[in-house]
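Encoded as structure tokens, the structure appears first; notes follow it.
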Amino acid sequence: MELVNEFLLCKARTGRSDRYLRQLRVSLSHFAAGRARKAIASISCHDVEGWLQSTDWSPVTQKGYLGDVRVLFNFALKRGLLERNPALGVELPCPEASDPPKIHTPAEVSHVMNTAYKSDPDVCRHLAIRYFAGVRSSEAHRMTDANVLLDRG
């Protein structure tokens with residue numbers, strides 16, 4: 001747990017986003033549960049694999065959490081606490097087949113935009129940037145009026 005806290009502090013000092021730090025805290029807290037007093041160098045690939053297999057998380061969630069644990073072990077490598085990253089040897093199950101994401105039709109976009117415009121023009125601007133500029137939700141939430149350069153198209 002000491003390493004997890006040191007890692008999170010280091011990431012915070014380097015300016016990582018609050019959202020990223022919260023995600024790391026959640027995933028690494030799950031990993032540290034039951035291992036808080038265990039030396040980082042004593043954790044094996046089988047320990048990491050067993051941890052993932054003991055959950056009922058989807059393959060996508062397992063992949064994300066494993067990625068966070070791998071980053072933690074890389075941090076420990078850089079600090080000289082490990083000679084190898086035990087999480088690198090973990091194989092993940094194949095993701096389940098799922099329906100592709102739904103893409104709105106032009107008529108649906110028009111309906112959403114008209115409804116948003118009537119309710120809240122700020123929401124309408126936010127949606128317009130997401131629909132027509134390809135900006136992700138998390139990026140759109142961080143944008144300010146200064147980021148929208150209408151004079152430059």
Inset, instruction - Return yes if some donor-acceptor pair links the side-chain N/O of Arg16 with the main-chain N/O of Leu21 below 3.5 Å, else return no. - result: no
Inset, instruction - Measure across Ala140 and Arg130 and return the closest heavy-atom pair with its distance rounded to 0.1 Å. - result: CB-CG, 3.7 Å
Inset, instruction - Check whether any side-chain heavy atom of Leu127 sits under 4.5 Å from a side-chain heavy atom of Cys124, and report yes or no. - result: no
Inset, instruction - May I ask you to check whether over 12 heavy atoms, not counting those of Tyr117, lie within 6.0 Å of atom OH? - result: no
Inset, instruction - Answer with yes or no whether the hydrophobic clustering places Val48 together with Val60; edges join I, L, V, M, F, W, Y residues whose side-chain heavy atoms lie under 4.5 Å apart. - result: no
Legend entry - CZ (Arg25) with more than 12 external heavy atoms under 6.0 Å: no
Legend entry - Audit row: Arg84, Phe73, side chain to side chain contact (heavy atoms under 4.5 Å, CB included) steps and yes/no: CA-CA 8 Å; Arg84 61 177 178 69; Phe73 281 119; over 6 Å; no
Inset, instruction - For Asp18, enumerate each residue passing the salt bridge (charged side-chain N to carboxylate O under 4.0 Å, His left out) test, keeping only those at least two apart in sequence or located in another chain. - result: none
Inset, instruction - Taking atom NZ of Lys63 as the centre, report whether more than 12 heavy atoms of other residues, nucleotides or ligands fall under 6.0 Å from it. - result: no
Inset, instruction - Flag yes if Tyr20 and Val135 sit in one hydrophobic cluster, no otherwise; membership is Ile, Leu, Val, Met, Phe, Trp, Tyr, and two members link when side-chain heavy atoms are under 4.5 Å apart. - result: no
Inset, instruction - For Lys102, look at atom NZ and say whether over 12 heavy atoms of other residues, nucleotides or ligands are found less than 6.0 Å away. - result: yes
Inset, instruction - Please report the shortest heavy-atom distance between Ser44 and Pro86, naming the atom on each side. - result: C-CB, 3.7 Å
Inset, instruction - Step by step, work out the side chain to side chain contact (heavy atoms under 4.5 Å, CB included) result for Tyr65 and Thr55. - result: CA-CA 11 Å; Tyr65 279 25; Thr55 69; over 6 Å; no
Inset, instruction - For Ala41, check side-chain contact (heavy atoms from CB on, under 4.5 Å) against everything at least two apart and list the hits. - result: Leu82
Legend entry - Test item: Asp68 and Phe31 side chains (from C-beta on) under 4.5 Å apart, heavy atoms: no
Legend entry - Minimum heavy-atom distance between Arg70 and Ala87, given as atom pair plus value: NE-O, 2.9 Å
Inset, instruction - Could you label the plane-to-plane angle of the Trp57 and His30 rings as parallel, tilted or perpendicular, counting under 30° as parallel and over 60° as perpendicular? - result: perpendicular
Inset, instruction - Mind checking the CZ-CG spacing from Arg125 to Asp120? Nearest 0.5 Å is all I need. - result: 8.5 Å
Legend entry - Point-to-point distance, once rounded to the nearest 0.5 Å, from CD of Gln53 to CD of Gln62: 8.0 Å
Inset, instruction - Please tell me if the side chains of Arg79 and Glu6 come closer than 4.5 Å, counting only heavy atoms from C-beta onward. - result: yes
Legend entry - His111 vs Glu108 side-chain heavy atoms within contact, under 4.5 Å: no
Inset, instruction - For residues Trp51 and Arg35, determine if any side-chain heavy atom of one lies less than 4.5 Å from a side-chain heavy atom of the other. - result: yes
Legend entry - Minimum heavy-atom distance between Ser42 and Asp47, given as atom pair plus value: O-OD2, 3.7 Å
Inset, instruction - Answer yes or no: is there a side-chain heavy-atom contact under 4.5 Å between Val90 and Cys45? - result: yes
Legend entry - Co-membership, hydrophobic cluster, residues Met113 and Ile129, 4.5 Å side-chain: no
Inset, instruction - Report the distance from atom CG of Leu88 to atom CG of Asn85, rounding to the nearest 0.5 Å. - result: 3.5 Å
Inset, instruction - State yes or no: do Val112 and Ile103 share one hydrophobic cluster built from I, L, V, M, F, W and Y residues joined by side-chain heavy-atom distances below 4.5 Å, directly or via other members? - result: no
Inset, instruction - Determine the minimum heavy-atom distance between Leu3 and Ala76, stating which atoms define it. - result: CD2-CB, 3.8 Å
Legend entry - Check: Pro106 main-chain N/O paired with Ser110 side-chain donor or acceptor under 3.5 Å: no
Inset, instruction - Decide whether Leu24 and Leu77 are clustered together by the hydrophobic rule: side chain heavy atoms of Ile, Leu, Val, Met, Phe, Trp, Tyr closer than 4.5 Å, transitively. - result: yes
